[in-house]
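Below you'll find the structure, written out as C-alpha cells, and then a few comments.
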Amino acid sequence: MPDPNSSGTPTPRVRFAPSPTGFLHVGSARTFTFNWLYARHNHGTMVLRLDDTDLERNTEASVQSIFEGLRWLGLDWDEEYKQSERLALHRKQAEAIFAKGLAYRDFTPAHAADEEHSSSQGAWLSNPGMRELPREDSDRRAASGEPFALRFRVPRGEGRILQFVDGVYGAQQKLADEVEDFALLRSDGMPTYHLASCVDDADLRISHIIRGQDHLTNTFKHLLIFEALGEGVGVAPPHFAHLPLLVAPDGTKLSKRKHGPVVSVTTYRDAGFLPQAFVNFLCLLGWSPKNDREFLSLDEIRDLFTLEGVNRANAVVNFTDDDPFDAKAVWLNAEHIRALPVEELSRDLQPFFEQAGFHVSPEKVAAVTPLIRERIKLLRDAVPAADFFFLDKLAPYDPAELIPLKKGDPKKQDLTGDAALALRVLQTALEVLPATTFDHDSLDKALREAAVSLGLKAGPMFQPIRVAVCGRKNAPPLFETMVVLGREVCLERIREAEKNLQSLA
RNA sequence: GGCGCUAUCGUCUAGGGGUUAGGACGUGAGAUUCUCAAUCUUAAAACCCGGGUUCGAUUCCCGGUAGCGCUACCA
C-alpha cells in the first residue's frame, strides 16, 4: 500500500452503510460493489458500517442475511462498525451543535407534526414557534421532561447557497432557504440517519461517500451538518459521488415490498448465479468500461473502474413475471460458467445436485460437468440437464421419441416402418456394444460402422440410442454420455427401450 | 405543490457540432453439428418534443414534456 504522505492525495476511505431492515438488496449490493471497486482501484480502505439506528425496524436476522449476501459476493472490507454502538458520540455531537445555537428543540408531538406537514400546501420548512422559542423556555420544558426532537436551524433569509461538486453529477447547488429544518435527534433521544451518518463519516475520516442518487438532495443537509461539527469552522466534508438508481421495468426504484424476491441477492445465489457473474452484471448497470467489453473478470473491472465511467440515468433491471432475471445477467452467468475450470464448476454444482436429492460422488459430478457445462445458464439448470446420469431407473418417456423423425415432414411418418427401423437400431447397438470399448473414439467408430451397415445416416442412427440411454431427445453428445454412464447402464436402458418400442408396435 | 436529477435501439450502453449513430443482451433468418447447447454469419431495432446558437445539431443553450428522487422524529 502506498504511503499516504508520499503523494498529494491521501488514500481514499470509503464506506458501505446498509441499514439492516431485510435481506441484502441488489441495489445495495451494487452500491457496495462500486465502493469496493473505488477503494481497491485506488488502494484505499473499505469500511463496512451497519446503520442500525432505527430500533423499530432493525433485526438481527437481517444483519445476518446482509453479511451472508456480502460474503457471497466475495468482496471484502477492512474495517467494520456498528452505528448503534456509537450512540454516545452521536448524542455528544448533537449537544455540541445545540450548544452552538445551530439546532433547536422542537416540542411538537410527532403525530401532530405529521398532520401539519401534510396539510400544508407548500413545502414544510420549519416550525417557527419552536425555532424561535426562547432558550429559557426551551430549557425549562426540557428539564420538566417534555419530549422533543432536535432540529437543525437551517440558515434562512440570508440567501445562503449550499454547493458541492458531485463525482458523478457534477456541480450541485441549492438555496439553504429551500432546505427544511430536518431532525437530528428523535424525541426518544435516538439520532436520525442524517446526524448519525455524518458524525460517523467525520469520525471515521471517510474521504468519499459513494451512495445511491436518492441521497443527492440530502447531501445539502449533510453539508450543513459537517459544517456544524467539530470545533471552529466545522469539518471539511468528504467528496460525494452519487450512483444512478436501479429501477424495475415499471420505472420505480427497486423495492422489496413492491417487487418481491427479485430484489434480493439470495434469489440470484439460490438460482445458481456465480458471484463473479452477478457482480459483472451489477457493474454494467450504470457504469461502462467504454471499450465495448462486457464480459469482465473482477480484476479487470477493478482495474478499469473510475467514477467518470458512471452514467447518470437510472438503469432498469429487466425482469418479468415469467422470468425474474435480466437476460443479460443470465447470459453473463453462462459466460462465466464456461470460463470456470471444470473442477471449480463441478464443486459449485455439487450442492445443487445434493439439494435436488441426488447424493452423488464428487467424482461422478466431475465426470458429468464437462458434458453439461455449455448447456446450462444457471447452476440450477444442471439438475434437469444431468438427472439421467444419476437416476437408477429412467423416468418414463414416450416410446415414440425413440423413432427418429424425418426432417421437415413429421406428418408423413410411416410410424410402423420407422418403428421397425428404430428397433433394428437398438438391436444392432445391443449386438455391437458388448464388444466395444467404452471410450469416445471406439464408440464413435463402432456406432458409425453400424449405421453404415444399416444404411443409415448418423442422425437416425443416434437418436434412438440417445433417447434409450438418456430418456429424452435433447442431451449432451452421445459418446461422452455413454462413457460416463458405463456399458452396463447403457445396455440395460437400451434393452428397456427395445421392450417399450415393441409394445408400441 | 416545491426543489433536485435524468432523457441514444425492447433492455444495458458507446459516442459526440459534419458518423452508414458503434457494441452487447434479447428477438428473426441462415450456416455448422449425432439431438440440444455452443459457435459463426446475417436481419430488424434508437438520438423525447419545440425553439435558439451555428454553414451544419442527436451532440451546446433555453423552454416544454415525461420519468425518477427528496420534501419523515426511515435509511
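Values in this document were obtained by computation on a predicted structure and should not be read as measured data. Quick note on labels: first sequence line is chain A, next is B, and so on, each numbered from 1.
Looking at the side chain of A:Lys328, the nearest of the listed nucleotides B:G23, B:C73, B:C5 is B:G23. Listed nucleotides: B:C36, B:U6, B:U13. Nearest to the side chain of A:Arg312: B:U6. The side chain of A:Glu294 approaches B:C12 more closely than any other nucleotide in the set B:U11, B:G22, B:C12. Taking only side-chain atoms of A:Ala313, from C-beta outward, the nucleotide of B:A14, B:C34, B:A7 with the closest atom is B:A7. The side chain of A:Pro477 approaches B:U35 more closely than any other nucleotide in the set B:A72, B:U35, B:A75. Here B:C34 is the nucleotide among B:A75, B:C34, B:G4 with the atom lying nearest to any side-chain atom of A:Glu480.
Nucleotide B:U65 is matched to B:A7 when pairs are restricted to Watson-Crick or G-U wobble geometry with both distances under 3.5 angstrom.
At the phosphate of B:C68, neither OP1 nor OP2 sits under 4.0 Å from any side-chain N or O atom of A:Gln213. Taking 4.0 angstrom as the limit, A:Lys377 places a side-chain polar atom (N or O) nearer than this to OP1 or OP2 of B:A38. Distances shorter than 4.0 Å separate some side-chain N or O of A:Arg338 from OP1 or OP2 on B:U39. The phosphate of B:U71 (OP1 or OP2) has no side-chain N or O of A:Thr217 nearer than 4.0 angstrom. Within the 4.0 Å cut-off from OP1 or OP2 of B:G15, at least one side-chain nitrogen or oxygen of A:Lys290 is found.
A donor-acceptor pair under 3.5 Å is formed between the side chain of A:Asp166 and the backbone N or O of A:His242. The main-chain N or O of A:Leu378 is found under 3.5 Å from a side-chain atom of A:Asp381 such that the two form a donor-acceptor pair.
Cation-pi check for A:Arg86 over A:Tyr81 is met; the charged atom lies under 6.0 angstrom from the ring centroid and within 45 degrees of its normal.
A:Thr53 comes within 4.0 angstrom of sugar-phosphate atoms only, judged by non-hydrogen atoms across all strands, and of no base. When heavy atoms are screened at a 4.0 angstrom cut-off, A:Asn311 is found touching the sugar-phosphate backbone but no base atom.
A salt bridge links A:Glu449 with A:Lys445: at least one charged nitrogen is closer than 4.0 Å to a carboxylate oxygen.
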